[in-house]
A.B. asks: 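Just passing along the structure, written as structure tokens.
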Amino acid sequence: MTTKERAYLKGLAMQLDPILSLGKASLTPEFTVAVDEAITKRELIKINVLKNCTEDPNTLAATLAERTKSEVVQVIGRKIVLFRQNQEKSKIEFPGKKKN
């Protein structure tokens, strides 16, 4: 992902509300499946890390990205933004790129 693409996704993510919350149970297999399903449907998701979660949000973001084959767009405080482009029908089109 280029820096321009990342900046574009950050701008889109500012308008998003977190759709999942990561709590005390941390990264369970069920949570990973939920993230994978959400990212397949939406492409760009925001996750809230609750205060009762003791793990570092940056570590959690890297682990989630690896497990779901997505990319970490940003981690700000206790918010994680992940992106994975849907190859079949993409909803997000980057400026300056032509659709195939």
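Quick note: numbers below take in every heavy atom, side chains included, and nothing from hydrogens, waters or symmetry partners.
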A.B. asks: Which heavy atom of E43 sits nearest to which heavy atom of N86, and what is that distance?
C.D. replies: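 Reported closest heavy-atom pair: OE2-N, 2.8 Å.
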
A.B. asks: What are the two closest non-hydrogen atoms of I19 and A38, and how far apart are they?
C.D. replies: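 Nearest pair, atom of I19 first, then A38: CD1-CB, 3.6 Å.
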
A.B. asks: Following the transitive rule for hydrophobic clusters with a side-chain heavy-atom cut-off under 4.5 Å over Ile, Leu, Val, Met, Phe, Trp and Tyr, establish whether L44 and I39 coincide in one cluster.
C.D. replies: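 No, L44 and I39 fall in different hydrophobic clusters.
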
A.B. asks: Above 12 or not: heavy atoms from other molecules or residues under 6.0 Å from CZ of R42?
C.D. replies: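 No - once you tally the heavy atoms of other residues, nucleotides and ligands closer than 6.0 Å, there are 12 at most.
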
A.B. asks: Could you tell me which non-hydrogen atom of V35 sits nearest to which non-hydrogen atom of T68, and how far apart they are?
C.D. replies: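 So the two residues come closest at CG1-CG2, 3.9 Å.
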
A.B. asks: Is there side-chain contact between R67 and L27, with at least one heavy-atom pair below 4.5 Å?
C.D. replies: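 Side-chain contact under 4.5 Å: yes.
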
A.B. asks: Out of curiosity, L64 CG to T59 OG1, how far, rounded to the nearest 0.5 Å?
C.D. replies: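 Here the rounded value is 11.0 Å.
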
A.B. asks: Which atom pair, heavy atoms only, marks the closest approach of L82 to A61?
C.D. replies: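 Closest approach of L82 to A61, heavy atoms only: CD2-O, 4.2 Å.
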
A.B. asks: Enumerate the ring pair (Phe, Tyr, Trp, His ring centres under 6.0 Å) contacts for residues 7-44, please, sequence neighbours excluded, ordered by first and then second residue.
C.D. replies: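 Checked against ring pair (Phe, Tyr, Trp, His ring centres under 6.0 Å) - neighbours excluded - the pairs reaching residues 7-44 are Y8-F94.
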
A.B. asks: Ignoring hydrogens and geometry, is there a side-chain-to-backbone donor-acceptor pair from S26 to L22 under 3.5 Å?
C.D. replies: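 Not a single qualifying donor-acceptor pair exists.
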
A.B. asks: Could you grab the distance from atom CG of L16 to atom CD1 of I47, nearest 0.5 Å is fine?
C.D. replies: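 Answer rounded to 0.5 Å: 11.5 Å.
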
A.B. asks: Can you list every ring pair (Phe, Tyr, Trp, His ring centres under 6.0 Å) pair that touches residues 34-78, not counting sequence neighbours?
C.D. replies: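 Non-adjacent pairs meeting ring pair (Phe, Tyr, Trp, His ring centres under 6.0 Å): zero.
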
A.B. asks: If you apply the rule side chain to side chain contact (heavy atoms under 4.5 Å, CB included), what do you find for D17 with K46, and how did you get there?
C.D. replies: CA-CA 7 Å; D17 290 324; K46 189 182 282 189; over 6 Å; no

A.B. asks: What closest approach, in Å, do N52 and K24 show between heavy atoms, and which atom pair accounts for it?
C.D. replies: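 Heavy-atom minimum between the residues: OD1-N, 3.4 Å.
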
A.B. asks: Only pairs under 3.5 Å count here: list side-chain donor-acceptor contacts from residues 72-81, not counting sequence neighbours, and write none if there are none.
C.D. replies:
{"unit_1": "R78", "atom_1": "NE", "unit_2": "V49", "atom_2": "O", "d": "3.1"}
{"unit_1": "R78", "atom_1": "NH2", "unit_2": "L50", "atom_2": "O", "d": "2.8"}
{"unit_1": "R78", "atom_1": "NH2", "unit_2": "C53", "atom_2": "O", "d": "3.0"}
{"unit_1": "K79", "atom_1": "NZ", "unit_2": "N48", "atom_2": "OD1", "d": "3.1"}

A.B. asks: Quick one: pull up CD in E5 and CD in E71 and give me the separation to the nearest 0.5 Å.
C.D. replies: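 So the gap between those two atoms works out to 8.5 Å.
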
